[in-house]
Amino acid sequence: MGTARHNLRVDGARLWSTLMETAAFGGTPAGGINRLTLSLEDGQVRDWFRNACEAAGLTVGTDELGTQFALRPGRDMSRRPIATGSHLDTQPTGGRFDGILGTLAGLEMVRTLNDAGIETEAPILLVNWTNEEGSRYAPATMASAAHVGTFTVADILARADADGTTVAEALARLGIVATEPTGSRAIGAFVELHIEQGPILEAEQKTIGVVEGGQGIIWFDGTVTGFESHAGTTPMPRRRDALTGLAEVALAVERIAHAHGPSAVATMGEAVIGAPSRNVIPGRVRFTLDVRDPHAATLDAIDTDLRAALAEIAARRNLAITLDAVWRQEPVPFDPRLVALVERGAESLGLPHRRMVSGASHDACNLALRVPTAMIFVPCKDGISHNESESATQADCTAGADLLLQTVLTLASSPAAP
Ligand code: GLV
Ligand code: MN
Ligand code: MN
């Protein structure tokens, strides 16, 4: 039996066909996916996922934030399950692999175990976390954060999107009914497969990234306030233009990230004029910042520098500029024993690999605060992600799913909890 398990491989073609089939939910003409969390399209893929899990013999529960938990029983149901999964929501210009690969590879893993008639000691849990992306609702990874107790359920349910629709309302519109409280689902360990979303693996011709942890993140909401006035009659020296102030803010953000390089990155992803009109000088602009670095001290230093730069711009231009940190995720290391297990698994499958830190945020970063956690990365084309052209090869997706299968199988077959 041991040899048979060691030789077990997923069906790469079957995994690929589920990736392509579900890409139709929110599929865009450019070949990407627009499937914002808790949208109608997200509802469609959730229904597909539930049906596929049930057809594979899993029992599916839903928590108060809509996260789906699909359980495959083990011989010893007193053991906490070995969990895997990721997310099925996407960015508005998202691709076919970010999150989706890890979720559907978990399904493929279960199907492979079923086909081989393998029963594990510990149960296996497949998870589709709600709102990993953080595009419609901030913060990213909100449901896994609530699962581990970083936020209360009431806080998250009250968060509103740009149209004022709360998480609670969006869940109700999709008819999502909780069958269990958030945080109640037992998890013994968590292993997540994901595309790298960056260029390193491809450049070094490695198939597997053995992820040692995730970098830290701060999300800011900001405003620049000046004074709306007539575009034709207000002399240049008398203007208090919020948009030109914002332009200086954007450049300061870029300069500060460079100054804390090479690892620091900073992005103004949203910049919205309050009441745009061709012949009105912009009086209000709101913006968002996403700042990341593997070191907490660097995040602190960037925070300090940003505030100083914005104060200087505001004073010089006679504007009011606000900056609120709405989310901070500390850099998080993954479990060294699980990281080593992933590494040994890549070795025994003969897959070229390297250790790395995740530049993107993942639900695994929240789980790592509570349970032994690791991640497996596979390359994506040109390192591009959060783009409709995001692409990964069937061979790499299959290799990642094989390593996920072997890692989960080892953990779930071991006589003791990890
Ligand atoms: C999640 O996609 C992130 O922003 O890293
Ligand atoms: Mn993702
Ligand atoms: Mn993403």
Side-chain angles (χ1 to χ4, degrees), residues 19 22-23 26 28 32-39 42 45 49 67 84-106 127-145 190-201 209 211 213-221 257 263-270 288-294 299 325-332 356-368 373 375-380 383-392 397 400 404:
L19 285 164
T22 57
T28 63
I33 302 180
N34 176 2
R35 199 160 68 208
L36 290 178
T37 193
L38 302 179
S39 62
D42 189 32
V45 79
F49 181 68
T67 292
T84 188
S86 191
H87 60 99
L88 294 172
D89 67 317
T90 76
Q91 293 287 331
T93 53
R96 298 177 172 206
F97 299 90
D98 174 2
I100 306 156
L101 172 62
T103 317
L104 299 186
V127 191
N128 170 28
W129 298 104
T130 296
N131 188 29
E132 189 274 352
E133 292 292 3
S135 179
R136 181 176 180 190
Y137 296 104
T141 70
M142 70 178 193
S144 55
F190 186 67
V191 185
E192 181 173 354
L193 169 66
H194 208 283
I195 55 167
E196 178 200 347
Q197 307 186 267
I200 297 171
L201 294 175
V211 188
Q215 67 177 344
I217 304 173
I218 311 180
W219 277 8
F220 295 98
D221 282 353
S263 55
V265 288
T267 307
M268 183 182 286
E270 296 180 34
T288 63
L289 296 181
D290 174 313
V291 175
R292 307 192 191 201
D293 190 88
L299 292 179
V326 294
W327 181 46
R328 176 165 171 144
Q329 173 118 318
E330 296 302 329
V332 59
M356 60 198 312
V357 172
S358 174
S361 168
H362 298 288
D363 295 299
C365 298
N366 291 319
L367 272 290
T373 295
M375 286 192 79
I376 300 166
F377 279 176
V378 292
C380 56
I384 292 172
S385 184
H386 286 187
N387 187 294
E388 290 165 280
S389 69
E390 179 185 272
S391 180
C397 292
L404 179 72

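First listed ligand is number 1; within each ligand, the first listed atom is number 1. These numbers come from a predicted model, not from an experiment.
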A.B. asks: Under the 3.5 angstrom rule, does the side chain of Arg96 hit a backbone N or O of Leu19 as a donor-acceptor pair?
C.D. replies: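 Here the side-chain-to-backbone pair does not exist.
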A.B. asks: Tell me, please, which residues at least two apart from Ala257 pass side-chain contact (heavy atoms from CB on, under 4.5 Å).
C.D. replies: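 If we apply the side-chain contact (heavy atoms from CB on, under 4.5 Å) test to Ala257, skipping adjacent residues, the hits are Ala266.
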A.B. asks: Of all residues at least two apart in sequence or in a different chain, which pass the side-chain hydrogen bond (donor to acceptor under 3.5 Å, both in side chains) check with Glu390?
C.D. replies: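 If we apply the side-chain hydrogen bond (donor to acceptor under 3.5 Å, both in side chains) test to Glu390, skipping adjacent residues, the hits are Ser385.
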A.B. asks: Hey, does the side chain of Asn131 reach the backbone of Met142 with a donor-acceptor pair shorter than 3.5 angstrom?
C.D. replies: no
A.B. asks: Residues around ligand 1, heavy atom under 4.0 Å from any ligand atom, sorted by chain and number. Can you pull those?
C.D. replies: Glu132, Glu133, Arg292, Ala360, Ser361, His386
A.B. asks: Among the N/O/S atoms of His386, which is closest to the Mn ion (ligand 3)? Give the atom name.
C.D. replies: NE2
A.B. asks: Counting distance only, does the side-chain N/O of Thr141 pair as donor-acceptor with the main-chain N or O of Ala145 below 3.5 Å?
C.D. replies: no
A.B. asks: So what's near the Mn ion (ligand 2), protein N, O or S atoms under 2.8 Å?
C.D. replies: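 Protein N, O or S atoms closer than 2.8 Å to the Mn ion (ligand 2): His87 NE2, Asp98 OD1, His194 NE2.
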A.B. asks: Just one of Thr67, Asp42, Asp98 clears the side chain to side chain donor-acceptor pair (under 3.5 Å) bar with His87, so which one?
C.D. replies: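 Result for side chain to side chain donor-acceptor pair (under 3.5 Å) with His87: Asp98.
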A.B. asks: Answer yes or no: is there a donor N or O on one side and an acceptor on the other, between the side chain of Thr90 and the main chain of Arg35, under 3.5 Å?
C.D. replies: yes
A.B. asks: Under 4.5 Å between any side-chain heavy atoms of Thr103 and Thr22, yes or no?
C.D. replies: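 Counting from C-beta outward, Thr103 and Thr22 never come under 4.5 Å.
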A.B. asks: Can you check whether Phe190 and His362 have ring centres sitting under 6.0 Å from each other?
C.D. replies: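 Between Phe190 and His362, the centre distance exceeds or equals 6.0 Å.
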A.B. asks: So, do Val127 and Glu192 sit near enough that their side-chain heavy atoms are less than 4.5 Å apart?
C.D. replies: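 They are not in contact (no side-chain heavy atoms under 4.5 Å apart), so the answer is no.
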